[in-house]
Amino acid sequence: VQLQASGGGLVQTGGSLRLSCAASGRTFNTYSVAWFRQAPGKERGYVAVIRSSDGATYYTDSVRGRFTISRDSPKNTVYLQMDNLKPEDTAVYYCAARQGAATVSAALYGHWGQGTQVTVSS
């Protein structure tokens, strides 16, 4: 499966963005999909994941209640709705997919999108 991430941009504190992760392949629904982010000088970290089996979602503590991950199966697309953005959310955001169980470990994802820049100004 190939992934294409889009939707990043520049937004003020408190604003919103919606990231998209579009996938090729007919079996995308069998993949758990996660969003990770990497800020300058920092390691890539987990943001949110949606599980393939039942659509269960999980979030890192810093975004819970502000971000929502969802899947549109007919469109082979996973979204990350980001509300009430803060300067500390500034990073390159990547989507990643793996067949089967969801995980927060980036090393276990074999398919990655190219990244999209999100910048939140104060």
Side-chain angles (χ1 to χ4, degrees):
V1 65
Q2 293 184 324
L3 305 178
Q4 179 75 33
S6 62
L10 173 63
V11 64
Q12 291 184 335
T13 296
S16 298
L17 285 172
R18 189 178 76 162
L19 306 184
S20 299
C21 179
S24 62
R26 293 173 294 176
T27 61
F28 188 55
N29 286 345
T30 65
Y31 287 74
S32 293
V33 179
W35 286 95
F36 292 83
R37 65 186 179 186
Q38 187 167 18
K42 295 187 177 181
E43 293 187 353
R44 190 171 300 188
Y46 149 76
V47 176
V49 62
I50 186 164
R51 191 163 62 193
S52 60
S53 59
D54 59 2
T57 58
Y58 304 90
Y59 302 91
T60 194
D61 288 346
S62 62
V63 308
R64 188 175 295 113
R66 300 188 297 122
F67 290 12
T68 304
I69 188 170
S70 62
R71 184 194 297 264
D72 186 333
S73 296
K75 294 185 177 180
N76 266 8
T77 301
V78 170
Y79 300 102
L80 184 68
Q81 177 67 41
M82 306 187 295
D83 297 319
N84 191 21
L85 282 160
K86 304 176 180 180
E88 51 264 43
D89 295 318
T90 295
V92 177
Y93 284 70
Y94 300 88
C95 60
R98 68 186 304 268
Q99 282 191 303
T103 176
V104 303
S105 173
L108 297 179
Y109 285 86
H111 306 275
W112 289 84
Q114 82 285 9
T116 185
Q117 175 71 47
V118 172
T119 303
V120 185
S121 63
S122 57

Straight-line distance of [X] [atom1] to [Y] [atom2], nearest 0.5 Å:
X     : Y      : atom1 : atom2 : value
Ile50 : Cys95  : CD1   : SG    : 13.0 Å
Ser32 : Asp54  : OG    : CG    : 9.0 Å
Thr13 : Asn84  : OG1   : CG    : 9.0 Å
Leu19 : Gln81  : CG    : CD    : 9.0 Å
Ser24 : His111 : OG    : NE2   : 9.5 Å

Would a 4.5 Å heavy-atom cut-off, applied to side chains only, mark [X] and [Y] as touching?
X      : Y      : result
Thr103 : Tyr46  : no
Val78  : Phe28  : yes
Val11  : Ser16  : no
Val104 : Tyr58  : no
Leu80  : Arg37  : no
Thr90  : Gln117 : yes
Val63  : Trp35  : no

Q: Apply the test side chain to side chain contact (heavy atoms under 4.5 Å, CB included) to residues Arg71 and Val33: give CA-CA distance (whole Å), side-chain angles for both, the deciding distance (0.1 Å), then the verdict.
A: CA-CA 9 Å; Arg71 184 194 297 264; Val33 179; 4.1 Å; yes
Looking only at heavy atoms, what is the nearest atom pair of [X] and [Y], with distance?
X     : Y      : result
Ala97 : Tyr31  : CB-CD2, 3.9 Å
Ala48 : Tyr59  : CB-CD2, 3.5 Å
Arg98 : Leu108 : NE-O, 2.9 Å
Val1  : Ala23  : CG2-CB, 3.7 Å
Thr77 : Ser20  : CG2-CB, 4.2 Å
Leu85 : Arg66  : CA-NH1, 3.9 Å

**Q.** Distance under 6.0 Å and angle within 45° of ring axis: Arg44 vs Phe36
**A.** no
Check the hydrophobic clustering (I, L, V, M, F, W, Y; side-chain heavy atoms under 4.5 Å; chains of links allowed) and say if [X] and [Y] are grouped together.
X     : Y     : result
Leu17 : Phe67 : yes
Leu3  : Tyr93 : yes
Met82 : Val47 : yes

**Q.** Over 12 foreign heavy atoms within 6.0 Å of CD, Gln2
**A.** no
Q. Are the side chain of Gln114 and the backbone N or O of Gln4 linked by a donor-acceptor pair below 3.5 Å?
A.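 No.
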Q) So, does Ser52 use its side chain to make a donor-acceptor pair with the main chain of Asn29 at under 3.5 Å? A) no
Q) With the threshold set at 4.0 Å, does a side-chain nitrogen-carboxylate oxygen contact exist between Lys86 and Asp89? A)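 Not counted as a salt bridge, because no side-chain N and carboxylate O are separated by less than 4.0 Å.
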Q. Yes or no on side chain to side chain contact (heavy atoms under 4.5 Å, CB included) for Tyr109 and Val49, after CA distance, side-chain angles and deciding distance?
A. CA-CA 11 Å; Tyr109 285 86; Val49 62; 3.4 Å; yes
